[in-house]
Amino acid sequence: MSTPTLPRTRIATGIDDPDAPLLARLRRGDEEAFLALVERYGPLMLRVALTHVRSRAIAEEVVQDAWLGVLDGLDGFQGRSTLKTWILRILVNRAKTRGVREARCVPFSSLAAPDDAAPAVDPDRFQGPGDRFPGGWVTFPRDWRTLPEEQLFARETFACATAAIRALPARQQEVIVLRDVQGWSSEEVCEALTLSEGNQRVLLHRARSRVRAAVEHHLEEAAA
Amino acid sequence: VTCRELVELVTAYFEGALPEEERAAFDEHLAVCPGCVRYVEQLRTTIRVVGDADRLGDSPEVGVLLGAFRDWKRARPTTG
């Protein structure tokens with residue numbers, strides 16, 4: 001007697017969501033499943049909320065508010081995206097609303113962010129139109145492969161990168177954290193942040209370029 | 001492609017989003033320009049540093065969330 005093997009359960013649209021088992025349990029009101037999701041996505045939600053609001057306390061409120069939105073929306077969630085991108089989209093919407101409301105009262109740093117359209121590298125690093133190689137490097141960048149690994153991957157370097165990320169405009173922070181810290185795909189990031197491929201790439205480019213410049217500055221100072 | 005232009009194309013290059021011709025021009029430039037090879041390498045290293053740097057660490061307060069979850073569960077018409 002053999003039972004036919006059932007195909008793996010998939011959400012209607014065919015998205016293979018690694019959180020599908022947790023989602024099913026959550027829908028049944030399983031507290032453990034809820035806690036597992038909070039543990040999995042809570043830190044990320046808090047981190048992203050903090051790009052929009054000033055204080056940890058308000059970020060906590062935004063995260064709570066987002067979870068309420070998730071629970072209330074659960075019955076309507078169709079699985080057209082993965083659970084994690086859906087959760088993050090709710091979080092970002094709440095954080096933005098809260099951030100805008102706050103900004104009306106108090107100006108805060110990430111709105112007064114550095115020029116968004118600034119080039120990846122300081123234009124002075126390149127030769128001018130009258131020079132021998134217009135648009136070429138004046139001096140080549142340093143070869144980081146010649147630096148000792150313990151200097152390159154030192155705690156100070158990480159601290160410098162973290163500080164540089166936190167100084168970025170909110171949207172750039174979201175993209176670089178999701179892509180390069182969390183390792184999400186560009187499709188997932190576009191879905192969660194409601195961005196086009198092209199916009200996502202521009203934000204990632206500006207974010208990475210600025211962090212590279214900060215790390216370079218740090219390493220040059222350390223070498224001097 | 002000049003060096004100044006190349007530094008603006010690196011992300012699109014990494015993402016495989018450059019049109020065929022631009023990708024070829026990018027590769028040709030890298031083949032003859034040690035400065036840009038270093039720059040591209042610096043960006044690769046930056047991505048690696050970022051991956052290890054901005055650890056998320058902090059978790060939100062679970063207590064309040066759990067309370068909210070229980071309220072939600074109680075209020076649900078469908079739960080048995």
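Letters A, B, ... mirror the listed sequences (proteins, then strands); counts begin at 1. Everything quoted here is computed from the prediction, not taken from an experiment.
- Screening Q200(A), R171(A), E188(A) against L193(A) for a side-chain contact (heavy atoms from CB on, under 4.5 Å) leaves a single residue, R171(A).
- Chain A forms the most heavy-atom pairs under 4.5 Å with one residue out of C36(B), G35(B), A68(B), and that residue is G35(B).
- The stretch residues 13-26 of chain B places F14(B), E15(B), A17(B) near chain A, each with some heavy atom under 4.5 Å from a heavy atom of that chain.
- Heavy atoms closer than 4.5 Å to chain B are found in both the backbone and the side chain of E31(A).
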Apply the test side-chain contact (heavy atoms from CB on, under 4.5 Å) to residues T45(B) and F153(A): give CA-CA distance (whole Å), side-chain angles for both, the deciding distance (0.1 Å), then the verdict. CA-CA 9 Å; T45(B) 305; F153(A) 299 105; 4.0 Å; yes
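- In the model, E5(B) has no side-chain atom that pairs as donor or acceptor with a side-chain atom of H29(B) under 3.5 Å.
- With chain B as partner, the option from G183(A), A59(A), G42(A) having the largest number of non-hydrogen pairs under 4.5 angstrom is G42(A).
- Comparing Q127(A), R155(A), R179(A), E216(A) by heavy-atom pairs within less than 4.5 Å of chain B, the highest count is held by R179(A).
- Looking at D65(A), there are no atoms closer than 4.5 Å to chain B (heavy atoms on both sides), in backbone or side chain.
- Ranked by heavy-atom pairs shorter than 4.5 Å toward chain B, the options D72(A), L68(A), L204(A), D143(A) are led by D143(A).
- Heavy atoms of P119(A) lying under 4.5 Å from chain B belong to its backbone as well as its side chain.
- In this structure, the ring of F34(A) has its center less than 6.0 angstrom from the ring center of W67(A).
- With respect to the salt-bridge test (charged N to carboxylate O, under 4.0 angstrom), the residues D19(A) and R40(A) qualify.
- Pairs passing the ring-ring contact (aromatic ring centres under 6.0 Å, His included) check and including a residue from residues 164-218 of chain A, sequence neighbours excluded, do not occur.
- For R125(A), no part lies near chain B; criterion is any non-hydrogen pair under 4.5 Å.
- Pairing each heavy atom of A66(A) with each of I90(A), the nearest pair is O-CG2, 3.7 Å.
- Both the backbone and the side chain of L26(A) come within contact range of chain B, with heavy atoms under 4.5 Å apart.
- With salt bridges taken as basic N to acidic carboxylate O contacts below 4.0 Å, one links E220(A) and R142(A).
- Summarising the geometry, atom CG belonging to L43(B) is positioned 15.0 Å from atom CZ belonging to R38(B); distances are rounded to the nearest 0.5 Å.
- Looking at S186(A), the atoms closer than 4.5 Å to chain B (heavy atoms on both sides) all sit in the side chain, from C-beta outward.
- With chain A as the partner, the residue from V10(B), I47(B), L6(B) showing the most heavy-atom pairs under 4.5 Å is I47(B).
- With a threshold of 4.5 angstrom between heavy atoms, E61(A) does not approach chain B through any atom at all.
- Heavy-atom distances place both the backbone and the side chain of Q42(B) under 4.5 Å from chain A.
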Would R210(A) and L168(A) count as a side-chain contact (heavy atoms from CB on, under 4.5 Å) here? Give the steps. CA-CA 8 Å; R210(A) 214 168 282 159; L168(A) 293 170; 3.9 Å; yes
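- Heavy atoms of R56(A) lying under 4.5 Å from chain B belong exclusively to its side chain.
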Between Q173(A) and R47(A), is the side-chain hydrogen bond (donor to acceptor under 3.5 Å, both in side chains) condition met? List the steps. CA-CA 10 Å; Q173(A) 280 193 56; R47(A) 172 73 182 80; 3.1 Å; yes
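- Side-chain contact between V49(B) and F158(A) is present, with heavy atoms from C-beta onward closer than 4.5 Å.
- Highest contact tally toward chain A, considering only A53(B), A12(B), G51(B), is held by A53(B) [criterion: heavy-atom pairs under 4.5 Å].
- Heavy atoms only, all atoms of each residue included: D131(A) and G128(A) are closest at OD2-N, 2.6 Å.
- With a threshold of 4.5 angstrom between heavy atoms, L71(A) approaches chain B through its backbone and through its side chain.
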Working note: Q172(A) + V175(A), criterion side-chain contact (heavy atoms from CB on, under 4.5 Å); need CA distance, chi angles, decisive distance, verdict. CA-CA 5 Å; Q172(A) 292 182 30; V175(A) 172; 5.9 Å; no
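- Proximity to chain B (any heavy atom under 4.5 Å) is restricted, for E60(A), to the side chain, taken from C-beta onward.
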One pair to check against side-chain contact (heavy atoms from CB on, under 4.5 Å): L91(A) and W86(A). What are the steps and the verdict? CA-CA 9 Å; L91(A) 182 273; W86(A) 181 65; over 6 Å; no
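- Each of L152(A), V121(A), L35(A), V202(A) has some count of heavy-atom pairs under 4.5 Å with chain B, and the biggest count is that of V121(A).
- The most heavy-atom pairs under 4.5 Å with chain A, out of V1(B), D71(B), V62(B), V64(B), come from V64(B).
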